[in-house]
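Just below is one structure, and these are the notes that go with it.
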Amino acid sequence: METLNGQKNIKLIVTDMDGTLLNDQHEIHPDFWEIEKKLAERGIMFSVASGRQFYNLEANFEPIKNRMMFFAENGTFVSHKGKELYVNPLKHEDAIGFIKMGRKLMDTKLVLCGKESAYVETRDKDFIAHISQFYQRLKPVEDLTKVNDVILKVTLCNDKGVEEHTYPHFVNYTDRFKVAIAAKVFIDITALDANKGNAIKDVQQELNILPEETLVFGDYLNDLEMMENAKYSYAMKNAHPEIKQASNFVTRYSNNENGVLQTIEELGLLQN
């Protein structure tokens, strides 16, 4: 495997969470904390880009949150070292339209993702328990169209698979909105220019970091644009075929084999 001469080349590492940094039990490997510490000592910023809520990411990385960058809600909310950098919201009237569409679809549940909280109008306890692992702040409401918050995205969930059962209903909107298949059961709708790749590009320009100094990891279709903004773009061994095609490299190990951290070590980023 290619080495990067330690810290000389890479300044920014950005990884997806579920299916990438986390194993299938949504756990962070115990080795992560020591590895992140070594990266920080070498001036390499470790960041996460996820469809998860900012408050959820912040809680997962509580011990180091004040030196991290978070690209939350698929890049619609970016925070750096505890400070909000920018928000890319979805117009309220557009969100209402997608809520009304989602209500008509069979086997579909909705999550309205706001800046302050996520919201659901279902009372399905199993569903709420499932999505609570992605949302630190989650509020049941009577009517999602009446929510008063800055809306970041509308998420639709179908346990039978969104690529086949949900995406076709929204394909005609892809010229006006970003419709991203975020996982087998989740689809996210955001503003057209809202994605992880554009968020990373803005940060690279702000911090004077080149794509040649950026290393990214992803596994699913909401990571697609992220692959375009880093020379060292890695699809996970377990990634969706389209992500493997879009990336420059594929990891030798899956998310369940600690693939992100294994790759960081193999690339020589922890060497003195």
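Reckoned from all heavy atoms, side chains included, excluding hydrogens, waters and symmetry mates. Index from 1, following the sequence.
L215 is not listed as a side-chain neighbour of F249, based on a closest heavy-atom distance of 4.5 Å or more. Residues V216 and K231 form no side-chain contact, since every pair of their non-hydrogen atoms from C-beta on lies 4.5 Å or further apart. For the pair F170 and I189, the minimum side-chain heavy-atom distance is below 4.5 Å. Using a 4.5 Å heavy-atom threshold, the side chains of V120 and V141 count as separate. Contact annotation: the side chain of S47 approaches that of F71 to within less than 4.5 Å [non-hydrogen atoms, C-beta and beyond]. I128 is not listed as a side-chain neighbour of D126, based on a closest heavy-atom distance of 4.5 Å or more.
Remark: the backbone N or O of K196 is not paired with any side-chain donor or acceptor of E225 at under 3.5 angstrom. Checked by atom type and distance alone, the side chain of E163 never pairs as donor or acceptor with a backbone atom of I187 at under 3.5 Å. At least one donor-acceptor pair under 3.5 Å links the side chain of Q53 to the backbone N or O of Q136. In this structure a side-chain-to-backbone donor-acceptor pair under 3.5 Å is present from R42 to L270. Remark: side-chain polar atoms of E257 are paired, donor with acceptor, to backbone N or O of S254 under 3.5 angstrom. Counting only distance, with no hydrogens or angles, the side chain of R67 and the backbone of K81 share no donor-acceptor pair below 3.5 Å. Between the side chain of N256 and the backbone N or O of D24 there is at least one donor-acceptor pair closer than 3.5 Å. The closest donor-acceptor contact from the side chain of T251 to the backbone of K237 lies under 3.5 Å. The main-chain N or O of H130 is found under 3.5 Å from a side-chain atom of Q133 such that the two form a donor-acceptor pair. Under a 3.5 Å cut-off, the side chain of N60 and the backbone N or O of N56 do form a donor-acceptor pair.
When each of N238, T20, N23 is tested with N255 by the rule side chain to side chain donor-acceptor pair (under 3.5 Å), just one qualifies, namely N238. Put simply, the residue from Y135, F134, F186 that forms a side chain to side chain contact (heavy atoms under 4.5 Å, CB included) with V111 is Y135.
Between F32 and F46, a ring centre-to-centre spacing shorter than 6.0 Å is recorded. Here the two rings, on F98 and F177, have centers that are under 6.0 Å apart.
Heavy atoms of other residues, nucleotides or ligands lying less than 6.0 angstrom from NZ of K244 number more than 12. Heavy-atom neighbours of E41 CD from other residues, nucleotides or ligands within 6.0 Å: above the threshold of 12.
Taking NE2 of H165 as the start and OG1 of T108 as the end, the distance is 9.5 Å to the nearest 0.5 Å. The line from NZ of K201 to CE of M226 is 16.0 Å long, rounded to the nearest 0.5 Å.
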Inset, instruction - For side chain to side chain donor-acceptor pair (under 3.5 Å), just list the numbers for N248 and Y234, CA-CA rounded to whole Å, side-chain angles, deciding distance to a tenth of an Å, and then say yes or no. - result: CA-CA 6 Å; N248 291 328; Y234 276 84; over 6 Å; no

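In this model, a donor atom of one side chain and an acceptor atom of the other lie less than 3.5 Å apart for N222 and N74. No side-chain donor-acceptor contact under 3.5 Å links D18 and Y220. Counted by atom type alone, N88 and T76 present zero donor-acceptor pairs between their side chains at under 3.5 Å.
Among all heavy-atom pairs drawn from T190 and L152, the shortest one is CG2-O, 3.7 Å.
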